[in-house]
Amino acid sequence: MADVVRKADYFSMQVADKPGEAANHLKALKEAGVNLLGFTGFPSGRRAQIDFIPEDTAKLKAAARKLKWKLGEKKTVFLVHGEDRVGAIYDVIGKLAEAGVNITALDAVSAGEGRYGAMFWVKPRDVAKASKVLGVK
């Protein structure tokens, strides 16, 4: 089975850097019926940044409005999954390196049962080039 690469929307949000903050946001989205394709969080100065990668952008935006959340602007993330093997993620990002596209950040994980998944970001000015290199619409 070949690797599957796709683009997705994501939205960032600044929150307090304290225990349970991400869990509270994820609980609210669960209760609103918002399915996420990915989620990440990390410290950002004295606060924390959390990123939501929704399955349905409109549903996330509607939930955020109802919850009075201030989401950042819509940006692009690349999602990839496939059969886990030695060098799996290199087989994808190596193409970007050869094309001179810099990756801003990348997270990858073995998903078990011989599968892996990853998400990575490039600068907005490089989204079109990365998409072309990876054959993503």
Side-chain angles (χ1 to χ4, degrees):
M1 178 178 189
D3 295 318
V4 176
V5 182
R6 67 181 274 196
K7 288 190 298 189
D9 297 336
Y10 84 95
F11 299 84
S12 297
M13 191 173 155
Q14 294 292 313
V15 297
D17 187 6
K18 64 181 187 180
E21 195 68 21
N24 290 337
H25 283 76
L26 292 171
K27 180 181 178 185
L29 292 180
K30 177 182 177 181
E31 290 171 351
V34 176
N35 189 42
L36 297 176
L37 300 174
F39 174 82
T40 186
F42 50 89
S44 179
R46 296 183 139 196
R47 298 188 51 81
Q49 178 177 317
I50 53 179
D51 296 341
F52 303 104
I53 306 169
E55 180 178 63
D56 181 331
T57 294
K59 201 167 192 178
L60 172 66
K61 285 179 146 187
R65 273 191 304 276
K66 186 175 180 183
L67 293 162
K68 296 183 175 31
W69 290 355
K70 185 177 179 183
L71 293 179
E73 66 183 62
K74 177 175 78 168
K75 296 183 182 178
T76 301
V77 62
F78 289 87
L79 303 175
V80 59
H81 65 87
E83 183 179 329
D84 197 7
R85 62 196 180 281
V86 173
I89 197 64
Y90 169 77
D91 292 344
V92 175
I93 69 166
K95 295 173 187 173
L96 296 176
E98 289 171 13
V101 176
N102 190 41
I103 293 175
T104 303
L106 181 143
D107 294 302
V109 64
S110 172
E113 297 186 17
R115 309 277 301 146
Y116 84 98
M119 55 186 162
F120 61 91
W121 297 261
V122 300
K123 298 271 187 224
R125 68 176 181 265
D126 292 330
V127 169
K129 185 174 182 181
S131 298
K132 184 176 180 183
V133 168
L134 298 173
V136 178
K137 295 187 184 230

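Sequence positions, counted from 1, serve as the residue numbers for this chain. Basis for what follows: all heavy atoms, side chains included, without hydrogens, waters or symmetry-related copies.
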> Parallel, tilted or perpendicular: which one describes the rings of F120 and F78, with boundaries at 30° and 60°?
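Parallel: the ring planes of F120 and F78 meet at under 30°.
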> Do the side chains of K75 and D51 get close enough for a salt bridge, i.e. N-O under 4.0 angstrom?
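Salt bridge flag = no for D51 with K75.
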> Mind checking the CG-CD spacing from L26 to E31? Nearest 0.5 Å is all I need.
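It is 11.5 Å, given to the nearest 0.5 Å.
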> Any chance you could lay out the side-chain contact (heavy atoms from CB on, under 4.5 Å) test for N35 and D56, step after step, and finish with the verdict?
CA-CA 7 Å; N35 189 42; D56 181 331; over 6 Å; no
> Measuring from atom CG of L71 to atom NZ of K61, what distance do you get when rounded to the nearest 0.5 angstrom?
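Here the rounded value is 8.5 Å.
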> Is the shortest heavy-atom distance from the side chain of K137 to the side chain of K7 under 4.5 Å?
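No, side chains not in contact.
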> Would you call D3 and R85 a salt bridge, taking side-chain N to carboxylate O under 4.0 Å as the test?
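A salt bridge is present here (some side-chain N lies under 4.0 Å from a carboxylate O).
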> Locate the shortest heavy-atom distance separating P54 from L36; write the atom from each residue and the value.
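Heavy atoms of P54 and L36 come nearest at CA-CD2, 3.9 Å.
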> Please say yes or no: joined through hydrophobic side-chain contacts below 4.5 Å, possibly via intermediate residues, are V127 and V101 part of one cluster?
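Yes, V127 connects to V101 through the hydrophobic network.
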> Report yes if the side chains of L79 and L37 come closer than 4.5 Å at any heavy-atom pair, otherwise no.
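A side-chain contact exists here, since the closest heavy-atom pair is under 4.5 Å.
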> Considering all heavy atoms of both residues, which atom of I53 and which atom of A8 are nearest to each other, and what is their separation?
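Heavy atoms only, the tightest pair is CG2-CB, 3.8 Å.
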> Kindly give the heavy-atom pair with the smallest separation between K129 and A99, and that separation in Å.
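That would be NZ-O, 2.7 Å.
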> Are the side chains of V4 and V80 in contact, using a 4.5 Å heavy-atom criterion?
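Sidechains of V4 and V80: no contact.
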> Below 4.5 Å, heavy atoms only, C-beta onward: do I89 and L106 meet side chain to side chain?
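Of all side-chain heavy-atom pairs linking L106 with I89, at least one is under 4.5 Å.
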> Do M13 and Q49 have side-chain heavy atoms sitting under 4.5 Å apart?
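Heavy-atom side-chain distance check fails, nothing below 4.5 Å.
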> Would you check if W121 and D107 make a side-chain contact, meaning some heavy-atom pair closer than 4.5 Å?
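Yes, close enough: below the 4.5 Å cut-off.
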> If two hydrophobic side chains count as joined below 4.5 Å and joins carry through other members, does V15 share a cluster with Y10?
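The answer is no; the residues belong to distinct hydrophobic clusters.
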> Testing the basics here: between A48 and A16, what is the closest heavy-atom pair and its distance to 0.1 Å?
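A48 and A16 have their closest heavy atoms at CB-O, 4.2 Å.
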> Using 0.5 Å steps for rounding, measure from the CZ atom of F11 to the NZ atom of K70.
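Reported to 0.5 Å precision, the distance equals 14.5 Å.
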> What distance do T76 atom OG1 and K123 atom NZ have between them, rounded to the nearest 0.5 Å?
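Spacing of OG1 (T76) from NZ (K123) equals 14.0 Å.
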> Just say parallel, tilted or perpendicular for the rings of F52 and F39, cut-offs at 30° and 60°.
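Taking F39 first and then F52, their aromatic rings sit tilted (interplane angle of 30° to 60°).
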> Rounded to the nearest 0.5 Å, what's the gap from NZ on K18 to CZ on R47? Could you check?
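Rounded to the nearest 0.5 Å, the NZ-CZ separation comes out at 9.5 Å.
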> Taking D126 for the side chain and V122 for the main chain, is one N or O donor matched with an acceptor at less than 3.5 Å?
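Pair absent, no side-chain N/O of D126 close to backbone of V122.
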> Within the 4.5 Å heavy-atom criterion, are W69 and L29 side-chain neighbours or not?
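In contact.
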> Show your reasoning for whether side-chain contact (heavy atoms from CB on, under 4.5 Å) applies to T40 and M119.
CA-CA 10 Å; T40 186; M119 55 186 162; 4.0 Å; yes
> Can you confirm whether K59 is buried at NZ, in the sense that more than 12 heavy atoms of other residues, nucleotides or ligands lie under 6.0 Å from that atom?
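Open: at most 12 neighbouring heavy atoms sit under 6.0 Å from NZ of K59.
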